[in-house]
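By convention here, the first residue in the shown sequence is residue 1.
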Amino acid sequence: MIEINEKLLKDIHLHGVSTYPEEGAGFLVGTESNPRQVVAILPVKNMREDGSRHNRYLIEPLDYLKADNEATEMGLSLIGIFHSHPDHPNLPSEFDREGAQPFFSYIITSVNKGQAIESRSWQLLEDRSKFEEEPIDIHE
């Protein structure tokens, strides 16, 4: 399970809307307790080449390092990634699976015709074979 407050989830939705019709992405920062708690988000620029940003995202290694340093300065950890699926369901793709890490949570938001519809969270199994959905506990 992953816990997130309404404002942070709304910020994730706003980021997906602002990057539409391209995928938007960023980091989930929080605690690795059980359940994980998202305390902050760090949006990043989608660095995928222009022609494929509508269905792919790329986070540069330097952005990853900056986010990790920022989380450490806050006394927290990177616990996952959020990204949007423009005009597609919030199900992880094969491309998502290939680039995923088993210990991260992946919140995917479906953005249809410029409107954020719904978010779901996923975790990659240790053997990297598939994602399993993890419940999201949304609180005030």
Side-chain angles (χ1 to χ4, degrees):
M1 178 183 293
I2 188 164
E3 292 181 349
I4 187 168
N5 71 42
E6 288 179 14
K7 182 189 180 320
L8 289 175
L9 188 58
K10 182 178 180 181
D11 290 344
I12 288 172
H13 289 182
L14 289 173
H15 184 70
V17 167
S18 73
T19 59
Y20 181 87
E22 298 177 348
E23 287 196 9
F27 291 97
L28 303 171
V29 178
T31 62
E32 297 181 85
S33 57
N34 189 9
R36 293 173 177 208
Q37 289 186 306
V38 179
V39 175
I41 62 166
L42 301 173
V44 296
K45 183 173 172 70
N46 182 349
M47 299 305 290
R48 178 69 58 187
E49 59 277 358
D50 288 342
S52 63
R53 286 188 196 143
H54 68 283
N55 65 350
R56 301 277 188 272
Y57 72 92
L58 175 67
I59 297 175
E60 292 283 333
L62 186 56
D63 287 335
Y64 196 111
L65 181 61
K66 286 179 183 176
D68 192 42
N69 287 340
E70 194 168 336
T72 300
E73 287 174 11
M74 290 188 271
L76 300 167
S77 302
L78 295 183
I79 60 171
I81 291 177
F82 67 89
H83 75 280
S84 59
H85 277 186
D87 299 316
H88 287 283
N90 50 11
L91 302 171
S93 66
E94 179 61 18
F95 180 82
D96 292 336
R97 187 190 65 78
E98 289 172 0
Q101 301 176 54
F103 52 90
F104 266 10
S105 293
Y106 291 86
I107 294 180
I108 303 174
T109 301
S110 179
V111 179
N112 291 327
K113 297 179 180 153
Q115 298 292 318
I117 304 300
E118 177 190 35
S119 295
R120 294 166 74 182
S121 188
W122 306 87
Q123 282 193 302
L124 186 66
L125 295 179
E126 285 289 326
D127 67 5
R128 304 186 54 81
S129 62
K130 67 177 184 172
F131 281 95
E132 284 193 346
E133 188 168 8
E134 70 176 334
I136 300 177
D137 180 17
I138 303 166
H139 56 86
E140 290 184 29

Return the set of residues passing salt bridge (Lys or Arg N to Asp or Glu O under 4.0 Å) with [X] (not counting sequence neighbours), or none when no residue passes.
{"X": "R97", "result": "E94"}
{"X": "E6", "result": "none"}
{"X": "K7", "result": "D11"}
{"X": "D127", "result": "none"}

### Query
Between atom OG1 of T109 and atom CG of N90, what is the distance when rounded to the nearest 0.5 Å?
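Nearest 0.5 Å value for the OG1-CG distance: 7.0 Å.
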#### Entry: Pairwise distance CG(L62) to CE(M47) - rounded to 0.5 angstrom
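Output value for this atom pair is 10.0 Å.
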Closest heavy-atom pair and its distance - [X], [Y]:
{"X": "S119", "Y": "I136", "answer": "O-CD1, 3.9 Å"}
{"X": "V17", "Y": "A116", "answer": "CG2-N, 3.6 Å"}
{"X": "N112", "Y": "H88", "answer": "OD1-N, 3.7 Å"}

Residues forming a side chain to side chain donor-acceptor pair (under 3.5 Å) with [X], sequence neighbours excluded:
{"X": "R56", "value": "none"}
{"X": "R48", "value": "none"}
{"X": "H85", "value": "H83, D96"}

### Query
Counting distance only, does the side-chain N/O of R128 pair as donor-acceptor with the main-chain N or O of E98 below 3.5 Å?
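Confirmed, R128 side chain pairs with E98 backbone.
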### Task
Answer yes or no: is there a donor N or O on one side and an acceptor on the other, between the side chain of N46 and the main chain of G24, under 3.5 Å?
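Flag not set: sc N46 to bb G24 has no pair under 3.5 Å.
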If Ile, Leu, Val, Met, Phe, Trp and Tyr residues are connected whenever their side-chain heavy atoms lie under 4.5 Å apart, and connections chain through other members, are [X] and [Y] in the same group?
{"X": "F95", "Y": "L91", "value": "no"}
{"X": "F82", "Y": "I59", "value": "no"}
{"X": "I4", "Y": "M1", "value": "no"}
{"X": "I138", "Y": "I117", "value": "no"}
{"X": "L14", "Y": "L8", "value": "no"}

#### Entry: Validation row: E134, S121 side chains within 4.5 angstrom (heavy atoms)
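The answer is yes; the side chains approach within 4.5 Å.
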### Message
Just so I know, are the side chains of V111 and Q115 near enough to count as touching, which here means a heavy-atom distance under 4.5 Å?
### Response
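Side chain of V111 against side chain of Q115, heavy atoms only: no contact under 4.5 Å found.
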### Message
Give me each pair satisfying ring-ring contact (aromatic ring centres under 6.0 Å, His included) with a member in residues 113-140, each pair once, sequence neighbours excluded.
### Response
Y106-F131
### Qualifying salt bridge (Lys or Arg N to Asp or Glu O under 4.0 Å) pairs, either residue in residues 108-126, two or more places apart
R120-E133
#### Entry: All pairs passing side chain to side chain donor-acceptor pair (under 3.5 Å) where residues 59-72 contributes a residue, at least two apart
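Counting only pairs at least two positions apart or across chains, the side chain to side chain donor-acceptor pair (under 3.5 Å) contacts touching residues 59-72 are Y64-Q101.
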### Task
Hey, could you give me each pair passing side chain to side chain donor-acceptor pair (under 3.5 Å) that has a residue in residues 17-27? Not counting sequence neighbours.
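Counting only pairs at least two positions apart or across chains, the side chain to side chain donor-acceptor pair (under 3.5 Å) contacts touching residues 17-27 are Y20-D87.
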### Task
Apply side chain to side chain contact (heavy atoms under 4.5 Å, CB included) to I81 and F104, showing your working.
CA-CA 7 Å; I81 291 177; F104 266 10; 4.0 Å; yes
Cut-off 3.5 Å, no hydrogens considered: what does the side-chain donor-acceptor table look like for residues 26-44, sequence neighbours left out?
{"from": "T31", "atom 1": "OG1", "to": "S33", "atom 2": "OG", "distance (Å)": "3.2"}
{"from": "E32", "atom 1": "OE2", "to": "S77", "atom 2": "OG", "distance (Å)": "3.2"}
{"from": "S33", "atom 1": "OG", "to": "P35", "atom 2": "O", "distance (Å)": "3.0"}
{"from": "R36", "atom 1": "NH1", "to": "I79", "atom 2": "O", "distance (Å)": "2.8"}
{"from": "R36", "atom 1": "NH1", "to": "F103", "atom 2": "O", "distance (Å)": "2.8"}
{"from": "R36", "atom 1": "NH1", "to": "S105", "atom 2": "OG", "distance (Å)": "3.3"}
{"from": "R36", "atom 1": "NH2", "to": "F103", "atom 2": "O", "distance (Å)": "2.3"}
{"from": "Q37", "atom 1": "NE2", "to": "E3", "atom 2": "OE1", "distance (Å)": "2.7"}

